[in-house]
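Here the structure comes first, spelled out in structure tokens, and everything after it is commentary.
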Amino acid sequence: MSFQNKVNLNPAQGWHGDFSSVNPRVSLLGKDGAFQVGETAIEAGSFVWTDEREGLISNKGNASPIGFVGREWAGINLPDAREGNMEISPGTMVTVFSKGEFIIELPEMMSQVQQGEMVYASKETGKVVVSDDKNAVATNYKYAENAKGGDIVKISAWI
């Protein structure tokens, strides 16, 4: 377990992958009514693609991602005493949201983002990236507020 190295003066507005509002959410139906993580673990709080035939999802794809996976299954401590993390294991059933409003943590290297700008995801990891990244692809989400790299920011598919 790592040592705490940050103390906030105010309560956090949420964690990476959490819902940011109670506005409507639209989830997608996978094969047999649910999506299942494919052969490689995915990260909660990231964008995903699907193999329609198999109904499996992954953090890799070419076109725009089908949706966003929230943090409902993340943070589980593993039996070998590793820290909890945002990884969702292969074979786990997950909910994929095509529309909703979530909280994400911007990568440190990002500069300023403006409210209303398109959110881009990496075709290799499903994580949020800058628009000029060579692996960037547009999502159907936009930033709901201004922020800078390292900040917690809300994104929305309803803007």
Side-chain angles (χ1 to χ4, degrees), residues 12-79 82-110 113 115-131 133-145 147 149-159:
Q13 62 179 329
W15 302 105
H16 181 79
D18 283 347
F19 292 112
S20 66
S21 73
V22 292
N23 287 336
R25 302 161 185 158
V26 178
S27 61
L28 299 170
L29 283 176
K31 184 179 181 181
D32 299 325
F35 283 104
Q36 186 175 2
V37 178
E39 293 178 9
T40 306
I42 65 168
E43 188 168 324
S46 65
F47 290 93
V48 293
W49 289 261
T50 186
D51 174 346
E52 295 292 337
R53 291 185 321 275
E54 300 296 324
L56 302 175
I57 59 169
S58 74
N59 283 136
K60 293 183 179 186
N62 289 319
S64 188
I66 63 160
F68 186 86
V69 172
R71 194 178 68 94
E72 61 189 346
W73 284 104
I76 298 170
N77 284 323
L78 303 170
R82 289 185 291 164
E83 292 181 47
N85 57 44
M86 297 292 278
E87 189 175 279
I88 303 174
S89 301
T92 304
M93 300 294 195
V94 294
T95 305
V96 177
F97 294 94
S98 63
K99 289 192 176 277
E101 294 177 322
F102 295 92
I103 294 172
I104 61 166
E105 184 175 355
L106 291 177
E108 290 285 338
M109 75 243 177
M110 285 185 88
V113 297
Q115 181 178 1
E117 282 182 12
M118 185 70 63
V119 175
Y120 287 84
S122 167
K123 295 186 284 187
E124 295 295 317
T125 65
K127 293 180 181 181
V128 173
V129 295
V130 295
S131 61
D133 184 291
K134 68 177 179 149
N135 289 316
V137 62
T139 69
N140 65 334
Y141 284 78
K142 294 184 178 178
Y143 293 103
E145 57 191 354
D151 285 352
I152 297 287
V153 64
K154 297 173 185 130
I155 61 172
S156 174
W158 297 112
I159 295 178

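With a 4.5 Å cut-off on side-chain heavy atoms, Val137 and Trp49 count as touching. Two residues are said to be in side-chain contact when any heavy atoms from C-beta on lie closer than 4.5 Å; Glu43 and Asn59 meet this criterion. Using a 4.5 Å heavy-atom threshold, the side chains of His16 and Arg71 count as separate. Inter-residue side-chain proximity for Val48 and Phe35 is flagged as unmet; no heavy-atom pair is nearer than 4.5 Å. Ile155 is listed as a side-chain neighbour of Phe68, based on a closest heavy-atom distance under 4.5 Å.
Expressed to the nearest 0.5 Å, how far CD of Glu101 lies from CD1 of Ile159 amounts to 7.0 Å. Rounding to the nearest 0.5 Å gives a distance of 11.0 Å between NZ of Lys99 and CG of Leu28. Separating the CD1 atom in Ile152 from the CD1 atom in Ile104 is a distance of 8.5 Å, to the nearest 0.5 Å. Here the CH2-OH distance, from Trp158 to Tyr141, works out to 9.0 Å after rounding to the nearest 0.5 Å. Taking CD of Glu145 as the reference point, atom CD of Gln115 lies at 8.0 Å (rounded to 0.5 Å). Separating the CD1 atom in Ile88 from the CD1 atom in Ile42 is a distance of 4.5 Å, to the nearest 0.5 Å.
Residues Tyr143 and Met110 share a closest heavy-atom pair of OH-CE, 3.6 Å. When all heavy atoms are compared, the tightest approach of Ser64 to Ala138 is OG-O, 2.8 Å. Ala41 and Ser89 make their closest contact through CB-CA, 4.3 Å (heavy atoms, listed as atom of the first residue, atom of the second, distance). The two residues Lys31 and Glu54 make their nearest non-hydrogen contact at CD-O, 3.7 Å. Residues Gly70 and Ala44 share a closest heavy-atom pair of O-CB, 3.4 Å. Of all heavy-atom pairs spanning Ala34 and Met93, the tightest one is CB-SD, 4.0 Å.
At distances below 3.5 Å, not a single donor-acceptor pair connects side-chain atoms of Glu108 with backbone N or O atoms of Gly150. Judged by distance alone, with hydrogens and angles left aside, the side-chain atoms of Ser122 form no donor-acceptor pair with the main-chain N or O of Lys127 at under 3.5 Å.
The side chain to side chain contact (heavy atoms under 4.5 Å, CB included) test with Pro65 is passed by exactly one of Thr139, Val96, Asn140: Thr139. Evaluated for a side chain to side chain contact (heavy atoms under 4.5 Å, CB included) with Val153, the options Val128, Ile103, Val119, Leu106 yield exactly one hit, Leu106.
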Phe102 and Val69: side chain to side chain contact (heavy atoms under 4.5 Å, CB included), yes or no, with the steps? CA-CA 10 Å; Phe102 295 92; Val69 172; over 6 Å; no
Determine, stepwise, if the pair Val94 / Ile57 fulfils side chain to side chain contact (heavy atoms under 4.5 Å, CB included). CA-CA 9 Å; Val94 294; Ile57 59 169; 3.1 Å; yes
